[in-house]
2 protein chains.
Amino acid sequence: MVVTKSLASRVKPARMQPKAAAEASEDLPPNLGELADLLGYSLKRAQLRVFEDFLRVMTPLQLTPAQFSVLLLIEKNPGRNQTEVASTLGIQRPNFVTMLDSLESRGLCVRLRSASDRRSHVLMLTDKGRATLMRAKKLVAAKHEARLSELLGESNRVVLVQMLAKIAREL
Amino acid sequence: MVVTKSLASRVKPARMQPKAAAEASEDLPPNLGELADLLGYSLKRAQLRVFEDFLRVMTPLQLTPAQFSVLLLIEKNPGRNQTEVASTLGIQRPNFVTMLDSLESRGLCVRLRSASDRRSHVLMLTDKGRATLMRAKKLVAAKHEARLSELLGESNRVVLVQMLAKIAREL
DNA sequence: CTCTATTTGATATAGTGAATAACAATTATC
DNA sequence: GATAATTGTTATTCACTATATCAAATAGAG
């Protein structure tokens, strides 16, 4: 809660930008003004940074955030079909086809014709997929989430995730 | 801080997902598993929701989040050139040209040849641009940010923005 | 059971955002 | 004064997203 308080306390003492600075600021970096208080703006900038860091950490395994989330979901819910997995992640079915083509061609997962419904493909991780996912999880935990936890403090990181989840769920 | 605490306290009592539920969950929604704890995932989902709400609220003015941020920045920093405004927002100069074409063709801003450096275009809001931006600000404050503040609590909303800004700044 | 409607995975296609290379005009630098 | 760097611009490419449509398979109504 320490970082939280220090962050919150920073709200009021935030340097007031010189009111009538119409043309005063020369060669200085432009002033963000009210943009700094817009949740959507900081949300997008932060998301880009976090994804950037994720990709950097995941370079040896060549997994994008989306691909990692697909592997995680298949591992946690084996036997689901494409429609179920795609819709859970908010991915359109046509776009999910290409994603699966990529993962399957790399030998990380397989599509199996369902015995009960021969329209659908049951998704499963291969051994290689499980091994890759395990290594990916360790990388993410050790180098990515650990860095965020160090930056924010673990309790703040957790609070942040909870607030973001609430926005995604209830807004 | 109430909501913050309630959110934080939810961390431990979070419903443990049934361990050996390999194939048990049928016709139930797939389980997110470790995805729910990934900051990048909740960050992206929340960002999509927030932008969606922003666009909905801004429908009468037909401004995207990016366009709104450009108008805000020009208002706050009149006389800046395209390179300065674009780089402040993390927009590539070539892509910023199209954005400005759109805003200028709608009569919201103008490019003026700088007297001191005739390579650069000085950016200024038009009267219409100022009026539109003022209406946009009111819409955002009254219908968009207010909704987020209601959802999270104002103090939590502020803390959230501060944490996101810290990530964007220091990660 | 048959006919129709729905679902699933897939293809094609289009729109948007973002990135790089290259260019003319202008300015800065040596 | 010759060369390098900067500004706005164009063209182009790539990734991601969204919609319409299709064949195969299933579900449902009569």
Among [options], which is the nearest nucleotide to the side chain of [X]?
{"X": "B:Ser120", "options": "D:dG8, D:dT19, C:dA19", "result": "D:dG8"}
{"X": "A:Asn95", "options": "C:dA10, D:dT17, C:dT8", "result": "D:dT17"}
{"X": "A:Lys44", "options": "C:dG17, D:dT7, C:dA10", "result": "C:dG17"}
{"X": "B:Pro94", "options": "D:dT7, D:dA11, C:dG9", "result": "D:dA11"}
{"X": "A:Val97", "options": "D:dG8, D:dA27, C:dG9", "result": "C:dG9"}

Are OP1 or OP2 of [N] and a side-chain N or O of [X] less than 4.0 angstrom apart?
{"X": "A:Gln92", "N": "D:dA18", "value": "yes"}
{"X": "B:Gln82", "N": "D:dT6", "value": "no"}
{"X": "A:Thr83", "N": "C:dG9", "value": "yes"}

Rounding to an integer number of Å, can you tell me how far [X] [atom1] sits from [N] [atom2]?
{"X": "B:Met99", "N": "C:dT16", "atom1": "CE", "atom2": "P", "value": "13 Å"}
{"X": "A:Arg111", "N": "C:dG9", "atom1": "CZ", "atom2": "C1'", "value": "8 Å"}
{"X": "A:Leu89", "N": "D:dC16", "atom1": "CG", "atom2": "P", "value": "14 Å"}
{"X": "B:Glu84", "N": "D:dT6", "atom1": "CD", "atom2": "P", "value": "13 Å"}
{"X": "A:Ile91", "N": "D:dA18", "atom1": "CD1", "atom2": "P", "value": "10 Å"}
{"X": "A:Arg118", "N": "D:dA27", "atom1": "CZ", "atom2": "P", "value": "12 Å"}
{"X": "B:Asp117", "N": "C:dA24", "atom1": "CG", "atom2": "P", "value": "19 Å"}
{"X": "B:Arg119", "N": "C:dT26", "atom1": "CZ", "atom2": "P", "value": "10 Å"}

Heavy atoms, side chains only, cut-off 4.5 Å: are B:His144 and B:Arg56 in contact?
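Sidechains of B:Arg56 and B:His144: no contact.
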Which sits closer to the 5' end of DNA chain D, A:Thr64 or A:Ser114, going by the nucleotide each is nearest to?
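The answer here is A:Thr64.
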Got a donor-acceptor contact below 3.5 angstrom from the B:Glu104 side chain to the B:Arg111 backbone?
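Judged by distance alone, yes, a pair lies under 3.5 Å.
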Is A:Glu150 salt-bridged to A:Arg147, going by a charged N under 4.0 Å from an acidic O?
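Here A:Glu150 does not pair with A:Arg147 in a salt bridge, since their nearest N and O are not under 4.0 Å apart.
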Using a strict 4.0 Å threshold on nitrogen-to-oxygen distance, state whether A:Glu145 and A:Lys137 make a salt bridge.
no
Closest heavy-atom pair, B:Leu133 versus B:Phe68, reported as atoms and distance to 0.1 Å, is CD1-CE1, 3.7 Å
Note: for A:Leu48 and A:Asn81 on DNA chain C, the residue whose nearest nucleotide lies more 5' is A:Asn81
